[in-house]
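Note sheet for the following structure.
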Amino acid sequence: MNRVFELAFVALVMTPSLARAALCSKWAPAVEVGKLDPKKIDESSGLAVSRRFDVLYHNNDSGTGPQFWITSRDGSGARAVKIKDYVPKDPEEIAVGPCPGSAKKTCIALGDIGDNRGARKNVGVFFVEELEKFTNEVTPVGIVRFRYPDGARDAEAFGIMPNGDLVVVTKEGSLLKPTKPARIYRARASDLARATAGEEITLMHVGTIDVPAIVKDKGVGGLVTAMSIAGDGSRFVLLTYDKAVEVEIDLSTEKWVGVASEAARVVDIARLQGQESVSYDRNEKDILYSTEQVPRIFGKDHAVPLMKASCLQ
């Protein structure tokens, strides 16, 4: 077993009966498939593809108000949806999955989880029921406040499992500090349902993944900036500032075991400056990704590219 992966994961018992999609073995070069309006989505820090409707959801980074954005699949026609009682400090991620306490309903989860200084006592995820047509303002169906069991952590990546569990992957490092293995935390769906009633919960630390070793970059290129979990829960993709990493692992169980080296593969995508948003496409194989940096660097007259890397086999 490759020593990197032996150290990277702690405990996952594979479920033999679970039908699992294998990791993609060959990727086509990433291409631009659309553009985001830089006057609206100027810091694309989260991206989620709807599995029910023909739309994309977007999360802007700090300073853009209590809202998320809906676009067509090519990124056009951006429309803001305001969220009542949502006053984020550092929104960094967006995902789609079961609503807390109601597995039959689908929610958009917005993660106010950024903590660059590692000083926040708790962070939160706001759940909004996914609808075919949204009004200009909605009320969240649940607000989950949580803390880490081992002190404050900065994070920009999370996903929702098919069973409703929340999984968070941390950002361990910065421009000034060496990049360390990312830490993985989770909360059971039952805990999320309890937390929507106002109870703060503590995440479980379930393992680590040595992303810097996998991508061979202990600098900012090894920092995890976004996450997406496949619809069957068998794989997830992590975005870094330089590449993407697809991992085949069953996050639907709570026990972890070491995995063989073929359980993770680097996706050598076309790098975007400041790439911080990623999502599996509706076929659960291809990935879409974008960046928060284009308007900052080139000004708000430059559209933000929406990129796609397609799995060939």
Side-chain angles (χ1 to χ4, degrees), residues 8-10 43-48 58-64 86-95 109-126 143-160 166-187 195 200-215 217-229 236-245 247 251 272-279 289-293 296:
F9 296 92
V10 185
E43 293 187 55
S44 176
S45 192
L47 167 65
H58 307 266
N59 193 60
N60 261 341
D61 204 341
S62 308
T64 57
Y86 179 52
V87 185
K89 293 183 179 179
D90 191 0
E92 291 287 359
E93 182 66 291
I94 190 169
L110 296 104
D112 180 24
I113 60 174
D115 189 7
N116 292 330
R117 298 181 180 179
R120 297 179 65 176
K121 293 182 179 180
N122 59 46
V123 291
V125 176
F126 292 68
I143 302 172
V144 174
R145 295 288 181 186
F146 62 83
R147 64 174 62 216
Y148 299 94
D150 43 11
R153 297 280 173 180
D154 188 22
E156 297 185 2
F158 78 76
I160 308 295
L166 173 75
V167 179
V168 180
V169 180
T170 62
K171 186 179 183 181
E172 298 290 331
S174 68
L175 294 173
L176 302 177
K177 298 179 181 179
T179 303
K180 299 178 181 179
R183 299 172 71 83
I184 305 176
Y185 299 84
R186 71 184 298 157
E200 182 183 285
I201 62 175
T202 300
L203 298 182
M204 301 177 289
H205 177 221
V206 295
T208 60
I209 177 168
D210 198 345
V211 176
I214 294 170
V215 300
D217 189 339
K218 294 185 179 181
V220 295
L223 290 173
V224 175
T225 61
M227 178 184 194
S228 181
I229 298 176
F236 63 86
V237 62
L238 298 176
L239 189 69
T240 76
Y241 281 124
D242 187 51
K243 300 183 186 302
V245 177
V247 182
L251 289 174
L272 300 176
Q273 183 72 30
Q275 55 194 31
E276 291 198 2
S277 53
V278 71
S279 177
Y289 65 102
S290 192
T291 171
E292 69 168 15
Q293 286 289 344
R296 289 182 178 181

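- No side-chain donor-acceptor contact under 3.5 Å links Asp115 to the backbone of Asp154.
- Between Asp90 and Asp61, some side-chain heavy-atom pair lies under the 4.5 Å cut-off.
- At distances below 3.5 Å, at least one donor-acceptor pair connects side-chain atoms of Thr291 with backbone N or O atoms of Gly274.
- Residue Gly222 comes nearest to Val215 through the heavy atom pair CA-CG2, 4.0 Å, listed as atom of the first residue, atom of the second, then distance.
- We find that Arg183 and Asp150 are joined by a salt bridge, their nearest charged nitrogen and carboxylate oxygen being less than 4.0 Å apart.
- Between Phe126 and Val87 there is no side-chain heavy-atom pair separated by less than 4.5 Å.
- Between the side chain of Asn60 and the main chain of Glu43, a donor-acceptor pair closer than 3.5 Å is present.
- Between Ala48 and Ala95, the shortest heavy-atom contact is CB-CA, 4.1 Å.
- Residues Ile160 and Leu166 form a side-chain contact, since some pair of their non-hydrogen atoms from C-beta on lies under 4.5 Å apart.
- At distances below 3.5 Å, not a single donor-acceptor pair connects side-chain atoms of Asp112 with backbone N or O atoms of Gly124.
- Ion pairing of Glu172 with Lys177 is absent here, as no side-chain N (NZ or NE/NH1/NH2) approaches a carboxylate O to less than 4.0 Å.
- Under the 30°/60° scheme for interplanar angles, the aromatic rings of Tyr185 and His205 are found to be tilted.
- Looking at Asp217 and Thr179, their side chains never come closer than 4.5 Å, going by heavy atoms from C-beta outward.
- Judged by distance alone, the side chain of Thr225 and the main-chain N or O of Leu239 form a donor-acceptor pair under 3.5 Å.
- If you take CD on Glu200 and CG on Asn122, they are separated by 4.5 Å, rounding to the nearest 0.5 Å.
- With rounding to the nearest 0.5 Å, the separation of CG in Asp210 from NZ in Lys180 is 12.0 Å.
- Scanning both residues, Pro181 and Pro212, for their nearest heavy atoms gives CA-CD, 4.2 Å.
- Here the straight-line distance linking atom CZ of Arg147 with atom NZ of Lys121 works out to 8.0 Å at 0.5 Å rounding.
- No side-chain heavy atom of Ile184 sits less than 4.5 Å from a side-chain heavy atom of Met227.
- By the 4.5 Å heavy-atom criterion applied to side chains, Thr202 and Tyr148 are not counted as neighbours.
- Residues Ile229 and Val167 form a side-chain contact, since some pair of their non-hydrogen atoms from C-beta on lies under 4.5 Å apart.
- Between Ala226 and Ala157, the shortest heavy-atom distance links the atoms C-CB, 3.5 Å.
- With Glu156 contributing its side chain and Ser45 its backbone, the two residues share no donor-acceptor pair below 3.5 Å.
- With Arg120 contributing its side chain and Gly114 its backbone, the two residues share a donor-acceptor pair below 3.5 Å.
- The shortest non-hydrogen separation linking Ala155 to Val168 is CB-CG1, 3.8 Å.
- Ile214 has its side chain within reach of Ile209: a pair of non-hydrogen atoms, C-beta onward, lies under 4.5 Å apart.
- Closest approach of Leu47 and Ile94 over heavy atoms only: N-CG2, 3.3 Å.
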